[in-house]
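In what follows, every chain begins at residue 1, and chains take the letters A, B, ... in the order their sequences are listed.
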There are 2 protein chains.
Amino acid sequence: MTPHRTRKERENMAADSKQKRRTQLKMYLENNPFLTDEVLADKLDVSVQTIRLDRAVLDIPDVRERTRRVAEENYSRVRSINSGEIVGQLLDLHLGDTATSLLETNGDMAFEKTNIVRSHFIFAQAESLALAVIDADVAVTGLANIKYKKQVKPGEKLLAEAEVIRRKGDDKCVVLVESASGGEEVFRGKFVVFALGSEGDG
Amino acid sequence: MTPHRTRKERENMAADSKQKRRTQLKMYLENNPFLTDEVLADKLDVSVQTIRLDRAVLDIPDVRERTRRVAEENYSRVRSINSGEIVGQLLDLHLGDTATSLLETNGDMAFEKTNIVRSHFIFAQAESLALAVIDADVAVTGLANIKYKKQVKPGEKLLAEAEVIRRKGDDKCVVLVESASGGEEVFRGKFVVFALGSEGDG
DNA sequence: CAGATGTTTAATACTAGGTATTAATAAGAG
DNA sequence: CTCTTATTAATACCTAGTATTAAACATCTG
């Protein structure tokens with residue numbers, strides 16, 4: 001906290017302090033990429049120049065660049081999985097019958113270790129499509145029975161095809177969804193989907 | 001394109017040009033919030049000062065503030081479903097046996113129309129937990145059999161509990177996951193999970 | 001102890017992408 | 001011709017930096 005130190009104190013610290021500080025710096029920025037050099041300098045109790053030097057060595061861009069990256073990376077992504085109701089791009093839709101969507105996978109969707117696309121993205125595409133094909137204002141999934149048949153690598157384009165295979169009464173459907181990459185089936189799922197009226201029941 | 005105009009041309013334009021330009025300005029920024037004043041000035045064929053004046057009137061912040069907002073709004077959101085390997089917060093983990101995680105739902109996870117949390121978030125939490133509980137470096141889902149029992153509204157906190165209920169050989173497990181909100185079960189799923197060795201098979 | 005080296009800090013000039021203010025200019029309306 | 005509105009220009013200032021040079025401090029070695 002205090003920036004005033006005796007010579008003894010400085011001597012003891014100086015040796016490993018640099019590496020420790022840089023490790024800490026990286027940790028701080030991983031948790032919060034929006035910290036400015038000034039704030040970091042304060043947290044790590046060194047001058048702003050030292051922080052800049054550390055960043056240069058560690059090849060960490062400045063706060064505006066970091067912010068820009070976070071913003072740009074997430075801008076399209078969030079729109080697809082989070083904000084958009086459909087995961088992937090809807091290519092074809094015959095309400096109450098069939099629908100098709102395309103999802104372009106990328107490295108952000110994969111596990112870091114294995115570079116295999118995380119299966120809930122594949123699931124999300126299929127489920128979204130199953131809900132979209134239903135001819136109802138609002139629909140929710142009740143049951144699903146799914147199988148991942150083949151691993152997907154980032155960059156593969158997943159073509160999902162949904163088909164309503166059974167109707168049970170007015171509000172209940174069974175939708176089959178098959179996703180393929182390069183002609184090969186990677187996923188198959190059966191979704192029991194409920195169309196919702198004005199009542200909030202599912 | 002050309003910045004040179006006759007007096008006649010300017011006369012004709014002057015009247016409504018301002019409102020049209022401001023409408024256009026808003027459109028440009030809705031499609032791409034990362035445009036600087038200079039770029040906008042170029043696109044709209046006016047000076048940078050005019051753009052700044054327009055922004056001031058329309059109460060539109062500068063590019064850095066816009067970028068910062070996009071970044072901050074999406075940061076936590078994306079981290080939960082996209083970047084983190086676990087969806088939700090891991091509360092408890094006994095490798096190969098049981099695990100627990102908590103997911104705080106919010107409006108961004110819900111359908112706009114119905115304000116019901118989109119089920120693939122619930123699925124993602126459960127699947128992530130099923131993979132986390134496996135005592136292996138890498139695991140992938142093969143099959144899943146799931147049921148959504150109750151709709152979830154934004155703000156509800158989902159407590160997911162995973163339990164390894166069967167082991168088949170060295171690399172195959174069945175994991176049961178139950179998610180509850182306020183003590184009431186909202187989801188139940190059985191996942192067949194494969195532990196992966198150095199081979200990329202699943 | 002001096003000198004070499006490594007680490008940290010300071011100082012300075014420069015940048016992008018602005019804000020805020022004042023003033024000049026253009027063009028139509030009365 | 002004057003008043004008003006719209007636009008542009010000019011100027012001083014801001015944040016959060018980059019890039020560079022120099023100085024101060026720390027630590028080790030001979």
Nearest to the side chain of B/T36, which nucleotide is it out of C/dG17, C/dT9, C/dT8? C/dG17
Check the angle between the aromatic planes of B/F123 and B/F187 and answer parallel, tilted or perpendicular using the 30° and 60° thresholds. perpendicular
D/dT7 P sits how many Å from B/L25 CG, rounded? 12 Å
Taking the minimum atom-to-atom distance to the side chain of A/D62, which one of D/dT18, C/dT19, D/dT8 wins? D/dT18
Taking the minimum atom-to-atom distance to the side chain of A/Q49, which one of C/dG17, C/dA10, D/dA9 wins? C/dA10
Considering only C/dT9, C/dT7, D/dT18, which nucleotide approaches the side chain of A/T50 most closely? C/dT9
Write down the distance between CD (B/E65) and C1' (D/dC14), rounded to a whole number of angstrom. 15 Å
In terms of heavy-atom contacts, does CD of B/E185 have more than 12 from other residues, nucleotides or ligands at under 6.0 Å? yes
D/dT7 P sits how many Å from B/I51 CD1, rounded? 10 Å
Under-4.0 Å side-chain N/O to phosphate OP1/OP2 contact, A/S47 with C/dT7: no
Confirm from the modelled atom types if A/R64 and D/dG17 form a donor-acceptor pair under 3.5 Å, side chain to base only. no
Over how many whole Å does the gap from A/D37 atom CG to C/dT8 atom P extend? 15 Å
B/L44 has an atom CG; how far is it from atom P of D/dA6, in whole Å? 17 Å
Does a side-chain N or O from B/T67 land closer than 4.0 Å to OP1 or OP2 of C/dG17, or not? no
Nearest-Å distance, CG (A/L53) to C1' (C/dA10)? 13 Å
A/K18 side chain: which of C/dT7, D/dT18, C/dT19 is closest? C/dT7
Over how many whole Å does the gap from A/R52 atom CZ to C/dT15 atom P extend? 16 Å
Would you mind classifying the nucleic acid contact of B/V48 as base, sugar-phosphate or nothing, using non-hydrogen atoms under 4.0 angstrom? nothing
Determine, for A/D37 against A/R55, whether the closest basic-nitrogen to carboxylate-oxygen distance falls under 4.0 angstrom. yes
Find the distance A/F34:CZ to D/dA16:C1' and express it as a whole number of Å. 16 Å
Quick test of your reading of the model: are B/R68 and B/E72 salt-bridged, counting only N-O distances below 4.0 Å? yes
Specify the closest pair of heavy atoms between B/R66 and B/P61, including all atoms of both residues, with the distance to one decimal. NH1-O, 2.6 Å
What's A/R66 touching, base or sugar-phosphate or nothing? Going by heavy atoms closer than 4.0 Å. nothing
Judged by nearest nucleotide, the residue sitting upstream toward the 5' end of DNA chain C, A/R21 or B/E38, is A/R21
